[in-house]
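Remarks on the structure that follows.
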Amino acid sequence: MTRKEHDFIGELELPDDIYYGVQTYRALNNFKMTGHRFKDYPLFVKAFAQVKKAAAKANAEVGVLDKDKAKALCGAADKVIKGQYADQFVVDMIQGGAGTSTNMNMNEVLVNVALEGMKHKKGEYQYLHPNDHANLGQSTNDTYPSSIKVASVYYLTDLKKALEDLKEALKKRAKEFKDIIKMGRTELEDAVPTTLGNTFNAFASFIDSDIDHVDKACKLMTVLNLGATAIGTGINCHPDYSKAVIKHLTEITGVKFSNAKDLIAATQDTADYVTVSATLRTLAVHLCKIANDLRLMNSGPRCGLGEIDLPKMQPGSSIMPGKVNPVIPEVTLEACYQVMGNDLTITLCAERGEFELNAVEPGIAYALFNSLNLITNAVITVNKYAVAGLKPRTEDCLKSVLNSVGIVTAFNPYLGYEKSASIAKEALQTGKAVGDICLERGYMSKDQIKKLLEPKNMLNPRMTQKREG
């Protein structure tokens with residue numbers, strides 16, 4: 001069965017089982033870019049439905065929308081918020097028109113669901129109309145960016161929870177590993193001793209700073225431009241609507257939203273998305289650092305550093321039996337590189353705004369939501385499948401310290417730079433241990449060397465010792 005719908009371009013015959021209408025149907029045929037549709041981002045669908053519900057309530061409150069129509073629209077929005085009719089949100093995420101197709105996809109679905117609730121047929125828009133009622137007092141140019149921001153708050157909230165879990169896991173491992181001495185390295189060369197606990201505590205500090213940045217990013221996403229309509233002047237909008245819609249959206253979501261002080265500026269400015277993306281990029285840099293260090297510390301198991309054992313997740317080769325690859329750090333790196341690439345896309349799209357609107361905001365939404373999904377999954381994955389299950393190789397860590405030329409730095413305060421450098425040179429040439437060379441030369445006694453090389457003495461700051469010559 002089919003039904004006929006029209007817009008100002010003309011009339012189309014649509015399958016009667018679909019809840020979207022003629023404008024969505026045109027967009028479905030016009031935009032075949034990514035293969036990723038509106039429905040693939042359920043938090044975005046939820047956020048958009050919440051914005052539309054708030055709009056219906058606000059319009060009823062200020063007296064421009066019949067209360068029965070508002071109730072029907074709110075009922076339809078509630079169903080969408082709960083996840084019903086998800087398969088009806090079909091437009092491609094990247095589209096021309098600054099998001100108009102996404103806005104109309106939501107308007108048409110809500111109206112047709114509401115019409116059925118009112119005992120009418122889909123497409124009988126004389127009773128409830130996608131533009132006149134679902135879009136009353138609104139424009140794509142305020143509902144679309146506001147919905148992006150509402151969804152971003154949800155994504156960032158999930159990300160913060162994942163980061164807090166990772167930070168706590170890293171702090172736990174730092175405490176467990178506080179007495180495991182290992183070799184510190186700078187520029188991939190032996191430096192001075194540290195502990196595995198210090199390494200993981202530093203990782204936890206990285207993540208702690210990222211949590212602060214995510215909090216600030218989330219705050220940016222709570223400032224909206226609802227009531228701006230087309231360009232920020234509020235044309236076709238009741239004077240009291242803007243304040244009312246923010247009030248209702250805050251009640252619906254449980255998140256404190258506010259409207260921008262300058263709606264004209266807010267409608268054309270997409271720089272807040274750049275700031276959020278920069279936060280994700282910085283987190284990606286930290287995650288790459290952590291993932292790569294885990295990968296290097298795990299290298300071996302016999303011919304690499306071999307300081308930790310990552311959980312064995314899957315066979316690592318189709319030809320080399322027994323090989324296990326560090327697949328979790330590797331997939332984390334790949335996800336982070338995608339986030340970094342998306343950051344450039346978001347920056348370029350934000351730069352593309354002309355005059356009173358940014359026409360390529362859908363490109364921002366697509367890249368931003370993908371980054372939020374990727375980085376959250378990366379945080380969860382590295383925590384669950386790497387940090388939580390890794391094991392230290394305590395003896396191997398200590399052995400690498402004692403065999404390292406780098407520990408000659410510990411002799412510096414007692415012997416001076418020249419003698420210490422001479423010991424290092426001989427150690428490199430002969431393969432002898434630093435302590436043995438020091439003993440052979442009579443610089444220190446065996447007990448002095450043993451005490452000096454105790455982990456607690458190598459790891460703590462101390463004053464330069466008085467020495468002769």
_Under 4.0 Å between a side-chain nitrogen and a carboxylate oxygen: does that hold for Lys178 and Glu176?_
no

_Main-chain N/O of Arg26 paired with Asn30 side-chain donor or acceptor, under 3.5 Å_ = yes

*To the nearest 0.5 angstrom, please state how far the CG atom of Leu287 sits from the CG atom of Leu333.*
9.0 Å

*Any donor-acceptor pair under 3.5 Å linking the side chain of Ser299 with the backbone of Leu305?*
yes

_Atom pair CG (Asn383) and CD (Glu168), whose distance is rounded to the nearest 0.5 Å_ = 10.5 Å

*asked:* Return the CD to CG distance between Gln268 and Leu357, rounded to the nearest 0.5 Å.
replied: 8.5 Å

*Find out whether Val401 and Cys397 are in side-chain contact, i.e. whether some heavy atom of one side chain is under 4.5 Å from a heavy atom of the other.*
no

_Over all atoms of both residues, closest heavy-atom pair of Val339 and Ala284_ = CG1-CB, 4.2 Å

*Can you see which heavy atom on Ala76 is nearest to which on Leu110, and at what distance?*
CB-O, 3.3 Å

*Mind checking salt bridge (charged side-chain N to carboxylate O under 4.0 Å, His left out) for Glu330 and listing every partner two or more places apart, or none if nothing turns up?*
Arg295

*Mind checking what makes salt bridge (charged side-chain N to carboxylate O under 4.0 Å, His left out) contact with Lys161, not counting sequence neighbours?*
Asp165

*asked:* Measuring only between side-chain heavy atoms, which start at C-beta, is His36 closer than 4.5 Å to Tyr41?
replied: yes

*Side chain to side chain, Ile207 and Leu170, heavy atoms closer than 4.5 Å*: yes

*Qualifying ring-ring contact (aromatic ring centres under 6.0 Å, His included) pairs with a residue from residues 152-176, counting only residues at least two apart or across chains*: Tyr155-Phe369

*Verdict with supporting geometry, Asp87 and Lys39, salt bridge (charged side-chain N to carboxylate O under 4.0 Å, His left out)*: CA-CA 6 Å; Asp87 61 339; Lys39 66 180 180 180; over 6 Å; no

*Is there a side-chain contact between Ser422 and Arg441, using heavy atoms and a 4.5 Å cut-off?*
yes

*Between the side chain of Asp92 and the main-chain N/O of Met33, is any donor-acceptor distance below 3.5 Å?*
yes

*Establish, from distance only, whether the side-chain atoms of Asn135 and Lys52 form a donor-acceptor pair under 3.5 Å.*
yes

*Option among Tyr366, Phe31, Phe44, Tyr20 that satisfies the ring pair (Phe, Tyr, Trp, His ring centres under 6.0 Å) test with Phe38*: Phe44

_I want to check something: taking the side chain as every heavy atom from C-beta on, are Glu164 and Ile211 in contact at a cut-off of under 4.5 Å?_
yes

_Check: Phe89 and Met106 side chains under 4.5 Å, non-hydrogen atoms_ = yes

*Examine the side chains of Thr376 and Asp158 and answer whether a donor and an acceptor come within less than 3.5 Å of each other.*
no

*Can you see which heavy atom on Thr102 is nearest to which on Gln95, and at what distance?*
OG1-NE2, 2.9 Å

*Applying salt bridge (charged side-chain N to carboxylate O under 4.0 Å, His left out), name anything that partners Asp309, two or more places apart in sequence or on another chain.*
Arg393

*What's the verdict on ring-ring contact (aromatic ring centres under 6.0 Å, His included) for Phe203 and Phe200, showing C-alpha distance, side-chain angles and the deciding distance?*
CA-CA 5 Å; Phe203 293 164; Phe200 278 80; 5.4 Å; yes

*asked:* If I compare all heavy atoms of Asp343 with all of Arg281, which pair ends up nearest, and what's the gap?
replied: OD2-NH1, 2.9 Å

*What closest approach, in Å, do Ala162 and Val379 show between heavy atoms, and which atom pair accounts for it?*
O-CG1, 3.4 Å

*Within a strict 4.5 Å, meaning less than it, do heavy atoms of the Leu283 and His213 side chains meet?*
no

*Trace of the salt bridge (charged side-chain N to carboxylate O under 4.0 Å, His left out) decision for Lys289 with Asp293*: CA-CA 6 Å; Lys289 158 70 174 166; Asp293 280 3; 2.7 Å; yes

*For Thr253 and Gln50, test the side chains for any donor-to-acceptor distance below 3.5 angstrom and give the result as yes or no.*
no

_Glu108 (side chain) donor-acceptor with Thr24 (main chain) under 3.5 angstrom_ = yes

_Is there a side-chain contact between Leu159 and Leu280 in this structure, where contact means two heavy atoms from C-beta onward sitting under 4.5 Å apart?_
yes

*asked:* Quick check against the 3.5 Å criterion: does Asn105 have a side-chain atom that pairs as donor or acceptor with the backbone of Val90?
replied: yes

*Counting distance only, does the side-chain N/O of Asn298 pair as donor-acceptor with the main-chain N or O of Leu310 below 3.5 Å?*
yes

_Under 4.0 Å between a side-chain nitrogen and a carboxylate oxygen: does that hold for Asp215 and Lys219?_
no

*Distance-only, no hydrogens or angles: does the Asp269 side chain make a donor-acceptor pair with backbone N or O of Ala271 under 3.5 Å?*
yes

_Short side-chain donor-acceptor distance under 3.5 Å, Asn225 and Ser146_ = yes

_Quick test of your reading: applying ring-ring contact (aromatic ring centres under 6.0 Å, His included), list the pairs with at least one residue in residues 278-309, sequence neighbours left out, ordered by first then second residue._
Phe206-His286

*Quick one: ring-ring contact (aromatic ring centres under 6.0 Å, His included) pairs with a partner in residues 297-338, sequence neighbours left out?*
none

*Nearest heavy-atom neighbours spanning Cys218 and Val153*: SG-CG1, 3.9 Å

